[in-house]
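What follows is a set of notes on a single structure, which appears directly below.
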Number of protein chains: 2
Amino acid sequence: MISKKTKYALKALIYLSREFDKGPILIADLAREERIPKKFLELILLALKNAGVLQSKKGKGGGYSLARPPREISMGKVIRTLEGPLAPVPCVSESAYARCEECDDEWSCGIRLVMKDVRDAMAQILDSASLADVLERIEQEKQKKDGALFYTI
Amino acid sequence: MISKKTKYALKALIYLSREFDKGPILIADLAREERIPKKFLELILLALKNAGVLQSKKGKGGGYSLARPPREISMGKVIRTLEGPLAPVPCVSESAYARCEECDDEWSCGIRLVMKDVRDAMAQILDSASLADVLERIEQEKQKKDGALFYTI
DNA sequence: TGTTTAGCCTATCGATTTTGTAGTCTAATT
DNA sequence: AATTAGACTACAAAATCGATAGGCTAAACA
């Protein structure tokens, strides 16, 4: 399960994607609109900024905005930033490989072999899903729902 | 990342798969062979027994053994038992659906749409990987390694 | 220039989860 | 009845998570 922190991050980024061309958004506004504790959101946005996902402007008229267009920011990048590596075990992580302490023979570890498949499948999905894709899928779903409504009334 | 608990469980089950036809194995032996804290392993094996994965025998000559052949026990089952649902968010779990508190409109939640794909991909891999499959893949890897060794010497 | 605005940064805190340990109880075997 | 070995409960240290507090710094603007 992903943490609340990561969910907050994704919600904030989807919001910022919608407002992409409208200049910086205040943390306070984001927090209120998405019902995220303001001080907690501050930390999250800061982490995303340090990861190159967001940019910020200080002082009056300041706030946060995406550092790149929604099409160029992937769910994978966001989740890795806040949750750490996608891999279920460190020995199959591409972005942050580490040995498993308890493993003496990594090359014949059955857990590793299966978890590598899991990691690859997750990475394939999450690295190819951009914020723009997410917005599009939301719209598609809304239209599906409206269509269904039209026919069932 | 999966917990140590789950890794211990998988290591123990792979061990028990190898010894499947040799009668019950002592917790103490399992703990020593796989270097798992004995008392901790007790809890893990008990949970797996309650989930129907293992069976136990008390008293002298007792111990633990698989409740079903290795071919019929999936990684998915084991991980769900010790780690909980595979789904990254509760609202896409098949085995333990729950609403996300912070979500007001589940049907147009973009996070949910992508996470559903992730869950399905993970479930596809983990539910179709049996302990027998894992043993086979370990053997395959060992042979690959030996083959490579043969040619590079 | 100095005041206000708004993000930056560090510390801290309570609750929960993780990883384990201890000790007693119960069932089965000899 | 004595021994063996799993079953069950309780507990505790350490790590992680979710959240808050408060001062600092940079930018805008009057």
Side-chain angles (χ1 to χ4, degrees), chain A residues 1-12 16 23-32 34-67 79 81-85 88-90 98 100-102, chain B residues 1-12 16 23-67 79 81-85 88-90 100-102:
Chain A
M1 294 276 180
I2 63 177
S3 61
K4 271 192 169 185
K5 201 167 178 174
T6 301
K7 282 193 217 175
Y8 288 158
L10 291 170
K11 292 183 84 169
L16 289 174
I25 307 287
L26 293 184
I27 294 181
D29 291 348
L30 250 173
R32 184 174 12 84
E34 297 293 338
R35 300 198 311 285
I36 302 171
K38 190 190 158 197
K39 276 298 198 175
F40 196 32
L41 182 58
E42 253 183 51
L43 300 180
I44 294 167
L45 298 181
L46 188 56
L48 288 166
K49 185 198 165 191
N50 291 333
V53 172
L54 292 177
Q55 62 190 11
S56 66
K57 225 187 132 194
K58 283 188 171 184
K60 193 163 190 176
Y64 272 100
S65 52
L66 299 184
I79 293 177
T81 299
L82 288 141
E83 201 82 358
V89 285
C100 291
E101 323 148 26
E102 58 272 334
Chain B
M1 295 274 179
I2 63 177
S3 62
K4 273 192 169 186
K5 202 168 178 173
T6 301
K7 281 194 216 174
Y8 288 158
L10 291 170
K11 293 184 82 169
L16 289 174
I25 307 286
L26 294 182
I27 295 181
D29 290 349
L30 250 174
R32 186 175 10 85
E33 291 298 313
E34 297 293 339
R35 300 198 311 285
I36 302 171
K38 190 190 158 198
K39 276 298 199 176
F40 196 33
L41 181 57
E42 254 183 51
L43 302 180
I44 295 166
L45 297 181
L46 188 57
L48 287 167
K49 185 196 164 191
N50 292 333
V53 173
L54 292 178
Q55 60 189 11
S56 65
K57 225 187 131 192
K58 282 189 171 185
K60 194 165 188 180
Y64 271 99
S65 53
L66 300 185
I79 292 176
T81 300
L82 288 141
E83 202 82 358
V89 285
C100 291
E101 324 147 26
E102 58 272 334

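Here is the naming used below: chain letters follow the sequence lines, and residue numbers restart at 1 for every chain.
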**Q.** For atom CE of A:M1 and atom C1' of D:dG18, their distance in whole Å
**A.** 17 Å

Q) Nearest to the side chain of B:K5 - C:dT19, D:dA7, D:dC29? A) C:dT19

**Q.** Value in whole Å for how far the P atom of D:dA26 lies from OH of A:Y64
**A.** 15 Å

Q: Ignoring the backbone of A:L26, work out which of C:dT26, C:dA6, D:dA5 is nearest its side chain.
A: C:dA6

Q) Where do A:L45 and A:Y8 land on the side-chain contact (heavy atoms from CB on, under 4.5 Å) test, with the steps shown first? A) CA-CA 10 Å; A:L45 298 181; A:Y8 288 158; over 6 Å; no

Q) Taking side chain as C-beta onward, heavy atoms only, is A:L10 less than 4.5 Å from A:L82? A) no

Q.
Without decimals, in angstroms, what is the distance between A:K7 NZ and D:dC17 P?
A. 14 Å

Q: Select from A:K4 and A:G61 the residue whose nearest nucleotide in DNA chain D is closer to the 5' end of that strand.
A: A:K4

**Q.** Test log, rule salt bridge (charged side-chain N to carboxylate O under 4.0 Å, His left out), inputs B:R35 and A:E101
**A.** CA-CA 11 Å; B:R35 300 198 311 285; A:E101 323 148 26; over 6 Å; no

Q.
What residues from residues 36-51 of chain A pass a heavy-atom cutoff of under 4.0 Å to DNA chain D?
A. A:P37, A:K39, A:F40, A:L43

**Q.** A:I27 CD1 to C:dC8 P, straight-line distance once rounded to whole Å
**A.** 7 Å

**Q.** Any A:Y8 side-chain N or O less than 4.0 Å from OP1/OP2 of D:dA19
**A.** yes

Q | Gap between atoms NZ and P, on A:K57 and C:dC8 respectively (whole Å) | A | 13 Å

Q. Roughly how far, to the nearest 0.5 Å, is the CD1 atom of A:I27 from the CG atom of A:L30?
A. 8.0 Å

Q. Looking only at side-chain N and O atoms, does B:S56 come under 4.0 Å of OP1 or OP2 in D:dA7?
A. yes

Q: Could you tell me the separation between the CD atom of B:E83 and the C1' atom of C:dT17, rounded to a whole number of Å?
A: 11 Å

**Q.** Value rounded to 0.5 Å, distance of OG in A:S56 from CG in A:L48
**A.** 11.5 Å

Q | Gap between atoms NZ and C1', on A:K60 and D:dA27 respectively (whole Å) | A | 12 Å

Q. With no hydrogens and no angle check, is any side-chain donor or acceptor of B:K11 less than 3.5 Å from a backbone partner on A:E102?
A. yes

Q. Rounded to the nearest Å, what distance is computed from the CG atom of residue A:L30 to the C1' atom of nucleotide C:dG7?
A. 13 Å

Q. Tell me, do A:Y64 and A:L46 make a side-chain contact under 4.5 Å, heavy atoms counted?
A. yes

